[in-house]
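Both ligands and their constituent atoms are indexed starting at 1 by order of listing.
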Amino acid sequence: MTQDTQNIQNIQWWQRGVIYQVYPRSFYDSDGDGLGDLNGLIAKLDYLRDLGIDAVWVSPFYPSPDADFGYDVTDHTAVDPRLGDLAAFDRLLAGLHDRGMKLIIDLVVTYVSDQHPWFIEARASRTSPKRDWFLWADAKPDGSPPNNWLSAFGGSGWQWDSATGQYYYHSFTAQQPDLNWRNPDLQAAMYEIARFWLERGVDGFRIDAAHWILKDPDLRDNPPNTAPPSDVARSMGEYDTQLHLYDKGHPNCHAVFAAYRRLIDSYSTPEHPRFAVGEIHVFDWPEWAKYYGENLTGLHMPFNFGLVGAAWRVPVIRGVVEGVEAAVPAGGWPNYVLGNHDEPRIAGRIGRVAARAAMLLLLTLRGTPTIYQGDEIGMENGIIPPDRILDPWGKFNPAMNRDVARTPFQWSAGPNAGFSPAGGQTWLPTHPNADSGVNVADQEPDPASMLNLTRALLRLRRGSVALYGGTYQTIPHTPEDVYAYLRSHGADRLLIVLNFAADSRPVGVRGSGDVLLSTDPERPSGTVDLAALRLHPHEGLIIKIGAEIGYNSLP
Ligand code: NOJ
């Protein structure tokens, strides 16, 4: 285990800070077309500053036919006219920087839209100069696909192109042909896109589907998966029937990330450090940690999705944290997320009360937290009538419908939840609970609200060197359903205790401390005798303990 804390003054903004993910189609609609847009995001920058986050990651705003809602890109260096234009992008960047926040954008590198000029050219003929920018293969003699690889959204990953008589490969929808990262011209074109945005001033990238960038060049079949279902990785239906040995994560992908790293670092200065976080769905922690690259020459961070699908039970959650802590290489920096635009809402998964404790967990672990928009007000899974499902995965398998996490942000109890002017229809339905307190306007004046809890946690984290930069240590031998850990740096020593049960529990620690924050508004602050303290149902607590006092966990 390596926990580098000696150079705390030198840690970068993306290590010390908290990232907030904006899904722009659902954040705020400034022009009344029912779809969120960049001007809408700009209008809400003061809200984000007052929330207390440090950086915004914006999901794709590029022109897209919406086969996968922005992740099927037709032009990587433009803004979809429904969402704005490059001038709006520049205002967004300046607006964030003026308020002391950073901007991270999504870099979609593994596929393009089938309407992208590159693919239109590639599919025009087998001899097209762009043909090799994509993955083509002949049918088997019986006409079936070249191998058994599956699309993550269901069915074969191979799509027949009758005009040229070959299959092309798509890891996701058939409207997203995968790029051939073994072609040097394609590589150069992709790096040029990153340069475009770095020169425009972005602070970082979230590299989309990074894990899928390179596959087995021999197109070997994936073997069947016989492992029992995981209690950490979310089930993906048919996709889980295979061990994905050959259709993603080819070892050469690390060379691609190292090249991105060099490029990004070449634009970094002490005044303007940049960074990249990659979307890596790997739950074997030593394997996941390889994405930091040899001697940290890879991604600055691979996203850690360990808490996204994990069952809300102490051994599982603690296992994720300890697994990650043990795997992060020396000098590497951990990170955690509870949800994003692809996953069911945390409040939907574990309930609204436990979601308060989950937010405390996210914001007190060692490493960079990313908050998904709306989780700070406790948004729940949207209710989507079958005829309004838009998500391609949800159309294939309603149980996987990701629209539930993408419903419009709830600004008020007004029409369209304050997301979009009255009268029009929002692109996805708003959640009815916007009328019963799950909205910003109602939560703002309420000291007990989820919004004010999140703000208090963010304030505490910003002011505590133990939280943003200190070490992590599990407290062993806690009572059943209690997870406790220590975050400390010098004299700043915080005991974090979480009760995963729906009834009260002892803390299991002796000594005394000062309660700094509880997820339960009924909990008084002040000095407590830890041995006598009982946690309320689903409560999370942050307790300051003095070096001289220490703690002894009860056996
Ligand atoms: C990863 C994105 O997070 C997800 O929303 C998208 O569907 C896939 N890439 C495929 O485009």
Should the ring pair W288 and Y292 be called parallel, tilted or perpendicular, given that the plane angle runs from 0 to 90° and is split at 30 and 60?
perpendicular
Which residue and heavy atom of the protein sit nearest atom 5 (O) of ligand 1, plus the separation:
D342 OD1, 2.6 Å
Numbered in order shown, the ligand 1 atoms found under 4.0 Å of a heavy atom of Q176 are 10 (C), 11 (O)
Any heavy atom of R206 sitting closer than 4.0 Å to ligand 1?
yes
One residue to check: V108. Relative to ligand 1, which of side chain, backbone, both or neither has a non-hydrogen atom less than 4.0 Å away?
neither
Below 4.0 angstrom from a heavy atom of H341, which ligand 1 atoms are there? Numbered from 1 as shown, please.
2 (C), 3 (O), 4 (C), 5 (O)
Using the ring of each side chain (for Trp, its six-membered ring), is F61 parallel, tilted or perpendicular to F89, with breaks at 30° and 60°?
tilted
If we set the cut-off at 4.0 Å for heavy atoms, which region of W212 has an atom near ligand 1: side chain, backbone, both, or neither?
neither
Does F69 have a heavy atom less than 4.0 Å from any atom of ligand 1?
no
Shortest protein contact, atom 1 (C) of ligand 1 (heavy atom only)
D208 OD1, 2.8 Å
Show the atoms of ligand 1 that are less than 4.0 angstrom away from any heavy atom in F153.
7 (O)
Fit a plane to each ring of W149 and W158, take the angle between them on a 0 to 90° scale, and name the class: parallel (under 30°), tilted (30 to 60°) or perpendicular (over 60°).
parallel
Relative to each other, are the rings of W285 and F283 parallel, tilted or perpendicular (30° and 60° limits)?
perpendicular
Ignoring hydrogens, just give me the one of D72, D106, D68 whose non-hydrogen atom is nearest atom 7 (O) of ligand 1.
D68
Side chain, backbone, both or neither: the part of R406 lying under 4.0 Å from ligand 1 by heavy atom:
side chain
Nearest heavy atom to atom 8 (C) of ligand 1: which of Y71, Y111, F303, W393 does it belong to?
Y111
Considering all heavy atoms, the nearest A358-I346 contact:
CB-CG1, 4.0 Å
Classify the ring geometry between W14 and F275 as parallel (under 30°), tilted (30 to 60°) or perpendicular (over 60°).
parallel
P302 to I280 - nearest heavy-atom pair and separation:
CB-CG1, 3.7 Å
For R402, the ligand 1 atoms with a heavy-atom partner under 4.0 Å come out as 4 (C), 5 (O), 6 (C), 7 (O)
Parallel, tilted or perpendicular for F27 and Y47, by the 30°/60° rule?
tilted
Is Q175 touching ligand 1 with its side chain, its backbone, both, or neither, if touching means heavy atoms under 4.0 Å apart?
neither
Which atom names give the shortest non-hydrogen contact between A347 and M379, and what distance separates them?
CB-O, 3.6 Å
